[in-house]
Amino acid sequence: MGMFERDRQVFADAEPLDDSYEPEDVRERDEELEKYQRALQPIIDNRPTSNIFLYGKTGTGKTVATKYMLSHLENSAVGYDDVDLSTVWVSCENLSSSYQVAVALVNELRKNQNKDRISTTGYSQQRVFDLLYEELDALGGTVVIVLDEIDNIGHSDDILYGLPRARSNGYVDTVRPVIVGISNDFKFRDNLSPKVKDTLAEKEILFPPYDANQLRSILEPRAEKAFHDGVLTDDVVPLCAAFAAQDTGSARQAIRLLREAGELTQAKDSETVTEENVRDAQDELEKNQLYQGMQELTTQGHAVLCALAYHQALDEVPVRSRDLYERYLTVCDRLDADSVSERRVRDHLSDMHMLGLISVNERNEGLSAGRYHEYELDIPLKTVLDVLNSTSRFEELSDIIKSTADDNNLLQSGISDY
DNA sequence: AGTCCACTGGAAAGTGGGGGAG
DNA sequence: CTCCCCCACTTTCCAGTGGACT
């Protein structure tokens, strides 16, 4: 036998645990689906159809429900000669403005006709909108436009103003656009300009987080398919459901947890997935998320993190922003990198706080020292240094910080499994 | 009750880079 | 080449903020 022996297989078919898996039925969302169907019904009846907005945190079934409804809608539409329906789906995950969404829509519409894609930069916004109307008009009939994770566009909501009014403004005349907006962020709706809000959120459907029982019911059929018989001990699915329910109520989280637990089990070449595997999987996933968050920071972000790590290594935490900024300047100096303003560093710090990398404490000492924030790492110093060490430009500095921390005996702080 | 410290964080304007059109 | 577009990241400016102090 060579170095690569085949592991004992716990998975029968891992696909039901994949993020992209589409179950044939949507569980635990009966009420929402019914509302959804009522909202889409006018399309089949050839009546004017309202735009629809779905709200709810990630992993609450919005996307799955939409895929499900659309495929049923398309199937039904085929049965009626006078219903001319098309659908376009754009995920706005990496799109940060209306402009980019419009470009993505144009390209999605062109893809179906083998036309050339347009560039993501260079045109004026109006030019892209014109192209979009052109494509839509060429399609005709009712076009359901799904904008998934639309909250990513932030305040730049021009497209949400333009699209629903395209017809009444005379930009298109043969097509009836119906917009389905999907948002992970509740605040997104409130921050929309009032004129957009009226037209867009005509029909709203809320997707609340799942509780542990619902998650269990979602997991069970998938677990059944994904794993060989007898591989899962009884507590595994309920535990995954419980962890996810406690944290976010996200089905995606629960499913990932179950998959990770299976993968850990398989890697260990053991026969059954146990409660312990689930706990390990939970740690592993959390760790990966932090790791990834750190790696994706910009150079400036890394420099700020590096400065904070230095303070941590010197046991000078929590640090107030003034002192941290000074250290940050010396870090930039060492790296021969440009430094940014204090204001900008505060933004980087608040980003890292969002990611869960650092903790912030607000202090107020009135007349004597005023009001300020204090920062410290929220994750083990060693983890930060590992990431910095694997980031170009930071190798040398992270070594220096590491030895500083060693001198202060700050690296073996009990959390050695990171 | 009012002062004041030392920031905090919102807003707006600037910068440079990627790209189209003529 | 020139002029225009958009965007990520940044700087500049500054009106709050809120607890300790008088």
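A, B, ... follow the sequence lines: proteins, then strands. Residue 1 opens every chain. In what follows, every heavy atom counts, from backbone to side chain, and hydrogens, waters and symmetry copies are set aside. The model shown is predicted, which means the values in this text are computed figures rather than measured ones.
- Between A/E365 atom CD and C/dT22 atom C1' the separation is 18 Å, expressed in whole Å.
- We find that A/D406 and A/K402 are not joined by a salt bridge, their nearest charged nitrogen and carboxylate oxygen being 4.0 Å or further apart.
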Please write out the pairs of protein N or O atoms and N or O atoms of nucleotides 8-10 of chain C separated by less than 3.5 Å, giving the distance to one decimal.
residue, atom, partner, partner atom, Å
C/dA8, OP1, A/S96, OG, 2.3
C/dT10, OP2, A/R344, NE, 2.9
C/dT10, OP2, A/R344, NH2, 3.1
C/dT10, OP2, A/H348, NE2, 3.4

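- Legend: residues meeting side-chain hydrogen bond (donor to acceptor under 3.5 Å, both in side chains) with A/R222, ordered by chain and number and at least two apart, are absent.
- Here A/E342 pairs with nothing under the salt bridge (Lys or Arg N to Asp or Glu O under 4.0 Å) rule; sequence neighbours left out.
- A/N107 and A/R110 share no donor-acceptor pair across their side chains, judged by distance under 3.5 Å alone.
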For each nucleotide in nucleotides 10-22 of chain B, reading 5' to 3', give B when a protein heavy atom comes within less than 4.0 Å of its base, S when such contact involves only the sugar-phosphate, and - otherwise. B-------BBSS-
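- The CZ atom of A/R322 sits 10 Å away from the P atom of B/dT8 (whole-angstrom rounding).
- Annotation: ring-ring contact (aromatic ring centres under 6.0 Å, His included) contacts involving residues 346-402 of chain A, sequence neighbours excluded, comprise A/H302-A/F394.
- Atom P of nucleotide C/dG19 and atom CD of A/E374 are separated by 15 Å, given to the nearest angstrom.
- Legend: residues meeting side-chain hydrogen bond (donor to acceptor under 3.5 Å, both in side chains) with A/E204, ordered by chain and number and at least two apart, are A/R189.
- Remark: the backbone N or O of A/Q214 is not paired with any side-chain donor or acceptor of A/E28 at under 3.5 angstrom.
- Residue A/S321 is in sugar-phosphate contact alone, with no base atom involved, counting any heavy-atom pair closer than 4.0 Å across all strands shown.
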If you look only at distance, which donor and acceptor atoms sit under 3.5 Å apart when one is on a side chain in residues 82-93 of chain A and the other is two or more places apart or in another chain?
residue, atom, partner, partner atom, Å
A/D82, OD2, A/N46, ND2, 3.4
A/T87, OG1, A/E74, OE2, 2.8
A/S91, OG, A/E93, N, 3.4

Taking N or O atoms only and anything under 3.5 Å, show me the protein contacts with nucleotides 1-5 of chain B, one pair per line.
residue, atom, partner, partner atom, Å
B/dC5, O4', A/L367, O, 3.3
B/dC5, O2, A/G366, O, 3.3

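- One can place CD of A/Q125 at 11 Å from C1' of C/dC5, the figure rounded to the nearest angstrom.
- Straight-line distance from the CG atom of A/N361 to the P atom of C/dG18: 15 Å, rounded to whole Å.
- Residue A/H373 contributes atom NE2, which lies 13 Å from atom C1' of C/dG16 at whole-angstrom precision.
- To the nearest 0.5 Å, atoms CD (A/E316) and CG (A/L324) are separated by 10.5 Å.
- Screening residues 14-55 of chain A for ring-ring contact (aromatic ring centres under 6.0 Å, His included), with sequence neighbours left out, gives A/F53-A/Y55.
- Heavy atoms from other residues, nucleotides or ligands lying under 6.0 Å from CG of A/D336 number 12 at most.
- Axis angle between the ends of the helix from B/dA1-C/dT22 to B/dG22-C/dC1, five pairs each and rounded to 10 degrees, works out to 20°.
- By the 4.5 Å heavy-atom criterion applied to side chains, A/L314 and A/I401 are not counted as neighbours.
- Shown here are the salt bridge (Lys or Arg N to Asp or Glu O under 4.0 Å) partners of A/E376, two or more places apart in sequence or in another chain: there are none.
- Counting to the nearest Å, the C1' atom of C/dC5 and the OH atom of A/Y99 are 6 Å from each other.
- What separates CD of A/E362 from C1' of C/dT17 is a distance of 8 Å, to the nearest Å.
- Pairs of residues two or more places apart, or lying in two chains, that qualify as ring-ring contact (aromatic ring centres under 6.0 Å, His included) and include a residue from residues 159-207 of chain A are A/Y133-A/Y171.
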